[in-house]
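Working notes for the structure below.
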Amino acid sequence: MPRVLVLNGPNLNRLGSREPDIYGNGTLDDLRAALVTESRFEIDLRQTNDESELIGWLHEAVDTRTPVILNPAAFTHYSYGLRDAAALLTSTGLLLIEVHISNPHAREEFRHTSVISGVATGVIAGFGFDSYHLALDLIRRRLG
Ligand code: DQA
């Protein structure tokens with residue numbers, strides 16, 4: 001079964017209790033269970049608060065030729081290191097879909113900038129956990 005890496009950045013381990021009015025009540029475990037149930041891909045969902053670990057996972061995706069769904073969380077807005085790692089993937093033709101639970105453009109100004117979007121294959125934002133499901137649908141459509 002083809003694998004998809006679903007990578008999540010800082011503070012997303014707090015989903016469920018973190019600002020539920022913005023991010024909803026679901027936890028990352030809930031998300032993993034929902035994605036696994038509906039997918040014909042092997043779902044490898046991970047979360048870290050550590051930028052270097054996240055960059056390492058993107059390098060792993062390059063080396064194993066694995067498509068990535070990435071919620072970079074706050075790193076979205078300033079991590080050039082993460083951007084360069086994302087570019088490693090997409091420059092070799094691998095899919096990298098940037099996702100956000102909320103719509104950052106409808107929030108504070110600093111969230112309007114993504115340093116990742118310019119090197120992502122595409123971006124899905126504002127649909128809660130459905131952002132991840134839509135990204136998975138896209139990978140299914142692209143990879144057949
Ligand atoms: C987020 C949006 C970011 O601005 C924020 O820092 C997050 C979550 C989202 O999924 O809506 O941590 O990426």
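Whatever order the structure lists them in is the order used to number ligands and atoms, beginning at 1.
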When you compare the side chains of [X] and [Y], does any donor N or O come within less than 3.5 Å of an acceptor on the partner?
X	Y	value
N8	Y132	yes
S114	E98	yes
N49	Q47	yes

- Message: Whether R32 and D30 form a salt bridge (side-chain N of Lys/Arg under 4.0 Å from carboxylate O of Asp/Glu) is what I want to check.
- Response: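 The answer is no: the pair does not qualify as a salt bridge.
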Enumerate the pairs of nitrogen or oxygen atoms, one from ligand 1 and one from the protein, separated by less than 3.5 angstrom; state names and distance to 0.1 Å.
unit_1, atom_1, unit_2, atom_2, d
ligand 1, 4 (O), H77, NE2, 2.7
ligand 1, 4 (O), R111, NH1, 2.9
ligand 1, 6 (O), A74, N, 3.2
ligand 1, 6 (O), R111, NH1, 3.1
ligand 1, 10 (O), N71, ND2, 2.8
ligand 1, 10 (O), I101, N, 2.7
ligand 1, 11 (O), I101, N, 3.3
ligand 1, 11 (O), S102, N, 2.8
ligand 1, 11 (O), S102, OG, 2.6
ligand 1, 12 (O), R18, NH1, 3.0
ligand 1, 12 (O), R18, NH2, 3.0
ligand 1, 13 (O), N71, OD1, 2.8
ligand 1, 13 (O), H100, ND1, 2.8

- Residues, nucleotides or ligands: over 12 heavy atoms within 6.0 Å of R107 CZ: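 Yes, the 6.0 Å shell around CZ holds more than 12 heavy atoms from other groups.
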- Query: How is the hydrophobic cluster of F110 composed, in terms of its other members, when Ile, Leu, Val, Met, Phe, Trp and Tyr link through side-chain heavy atoms under 4.5 Å apart, directly or indirectly?
  - Reply: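 F110 shares its hydrophobic cluster with no other residue.
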